[in-house]
Number of protein chains: 2
Amino acid sequence: MNTSLSRPVLSEAQEDYLKQILLLGSAPEGSSLEHTTAVSTQELADRMEVKPASVTGMLKKLAELALVEYEAYKGVRLTEAGYKVALEVLRHHRLLETYLHQALGYGWEEVHAEAERLEHHISEAFEKRIAEWLGHPSHDPHGDPIPTAELHLPEGVPTRRLAALEAGERGLVARVGSQDQDALNLFAHLGLRPGAQVEVLEHMPEGVRVRAAGERYLLPVALTQIVWVAEVGG
Amino acid sequence: MNTSLSRPVLSEAQEDYLKQILLLGSAPEGSSLEHTTAVSTQELADRMEVKPASVTGMLKKLAELALVEYEAYKGVRLTEAGYKVALEVLRHHRLLETYLHQALGYGWEEVHAEAERLEHHISEAFEKRIAEWLGHPSHDPHGDPIPTAELHLPEGVPTRRLAALEAGERGLVARVGSQDQDALNLFAHLGLRPGAQVEVLEHMPEGVRVRAAGERYLLPVALTQIVWVAEVGG
DNA sequence: ACCCGGTTTTAGGTATGCCTAAACTATTAG
DNA sequence: CTAATAGTTTAGGCATACCTAAAACCGGGT
């Protein structure tokens, strides 16, 4: 009954590369392999905190395994097989984040680092048990979609960046798309979490004045690019 | 607030060696560093499923880190520092086993493999949260004692091997001390789990006739050495 | 058309943790 | 007391996954 008979055993590093190629190559709301773009060596090197030369080496290895299509000087794309692996890793990650939050009381801003380490080490049995415990959730605590057991990414409701709201508009935080711990801590502190209501009060040169959790803040522009907002009634 | 400031970052392999040196060097009921015996290269090689040459190499490295005392041809012992690390790993392992059993519904015979992989990858925060969720348990699902947060091994009630009971004697299974999955599966199947009552019916050349969970079995001698039994009323 | 600077790749090196094969040590049997 | 044998260590290799330094590429601006 093992449905992933064909899955070769990959190293932690290899899984991480595939996951990052997926994340970097996907549009913020993209969901299928066809909608991904090629990812550069540099981008990967930055994200993985590794030198570009190391990335080149790994990409060659992944290309040999037919998990990516790689042409020198032109960036990488996932193959169908590589996409599957990336989604599996992403499913582990996001299920773990959700479980840590719901079952163990971690703050939504704390779950990333722990999940990052565990995602490569849990069995399919573990994945299944936490998914069942959670009732097969569709989104993690950051608002990111969790790939299904069949490895499809659920479509989300339409969202816009917080930066794109006009003064006076309100919305519900749908997703906080940051990997940066400091930014997450700040958002958590401000009560700007998925599910919360926000209102844009005013656009200023240094940022955006918003109201969230009953308080007003001036949010630097960079941070308003990271928060995705859905219609209030939607 | 980090209480383990001094703890150097060790590799997974190094942690595993330290753990096995502790387990192999401890008497079945032993609990302090003074009561441990030296462990041979061969024993370690067998347990870790690795060649003796590899063990020698690792022991040299651990000796340099002052985690073990090692003299060529004479086996290894843990130092105070190595003992601490080993207990920490053991605590992670046994807490995880307990958590998998209690919180996620794993069978007591299934938890070992999953815990084995996860023990090296959980944070102190994770350890703390599952310990709290479990109410700071003193024993894992196999009946093995869990080192406390302060890294002391709790004393157990006195136990004897099932093999040592006279015909007609009864007792409570206190501990099933096996790492072998097949043996565990068998015990689980027979209902011979920690907490269950057993009675020795008869000693025979090929094994011991016992009654457990209302049924009678002939248990091979080797397996009766693995099961530890406490007084019924004790 | 060409040059410059950033990006990417090549070449060569490190550390870990395992392997095999061969040399060595210790202990036990005769 | 020596010789066989079981246990151990040394020597030399391999794969992974990183690194630095230097060479190769490529696209934009003049």
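Predicted, not measured: the structure shown is a model, and the values here were computed from it. By convention in this document, chain letters (A, B, ...) are assigned in the order of the sequence lines, proteins followed by strands, and residues within each chain are numbered from 1.
Nearer the 5' end of DNA chain D, as judged by each residue's closest nucleotide, is the contact made by A13(A), out of A13(A) and A72(A).
A donor atom on one side chain and an acceptor atom on the other are found under 3.5 Å apart for S123(A) and E114(B). For the 3.5 Å distance criterion, the side chains of H93(B) and E119(B) qualify, holding a donor opposite an acceptor. Using a 3.5 Å distance cut-off with no hydrogens or angles, the side chains of H142(B) and H112(B) do not pair a donor with an acceptor.
Between Y70(B) atom OH and dT8(D) atom P the separation is 9 Å, expressed in whole Å. In this structure, the NZ atom of K51(B) is 8 Å from the C1' atom of dC19(C), given to the nearest Å. Between the CE atom of M58(B) and the P atom of dT10(D) there is a distance of 16 Å, given to the nearest Å. Atom C1' of nucleotide dA11(C) and atom NZ of K60(A) are separated by 10 Å, given to the nearest angstrom. Y17(A) places its OH atom 9 Å from the P atom of dA17(D), with the value rounded to the nearest Å. Between the P atom of dA6(D) and the NZ atom of K74(B) lies a distance of 23 Å, rounded to the nearest Å. dT16(C) atom P lies 8 Å from atom CD of Q14(B), rounded to whole Å. Distance L10(B) CG to dT16(C) P: 12 Å, rounded to the nearest Å.
In E206(A), the CD atom is crowded: over 12 heavy atoms of neighbouring residues, nucleotides or ligands sit closer than 6.0 Å.
Counting only heavy atoms from C-beta on, A53(B) has its side chain closest to dA11(D) among dT8(C), dT8(D), dA11(D).
At a threshold of 4.0 angstrom between heavy atoms, the contacts of S11(A) are confined to the sugar-phosphate backbone, with no base atom among them.
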Report the C-alpha distance between T159(B) and R175(B) in whole Å, list the side-chain angles of each, state the deciding distance to 0.1 Å, and finish with yes or no for side-chain contact (heavy atoms from CB on, under 4.5 Å). CA-CA 9 Å; T159(B) 56; R175(B) 199 162 80 81; 5.8 Å; no
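A sub-4.0 Å separation between OP1 or OP2 of dC19(C) and a side-chain N or O of S54(B) is present. When the side-chain nitrogen and oxygen atoms of Y73(B) are compared with OP1 and OP2 of dT10(D), none of them lie within a distance under 4.0 Å. In terms of phosphate contacts, T41(A) brings a side-chain nitrogen or oxygen within less than 4.0 Å of OP1 or OP2 of dT9(C).
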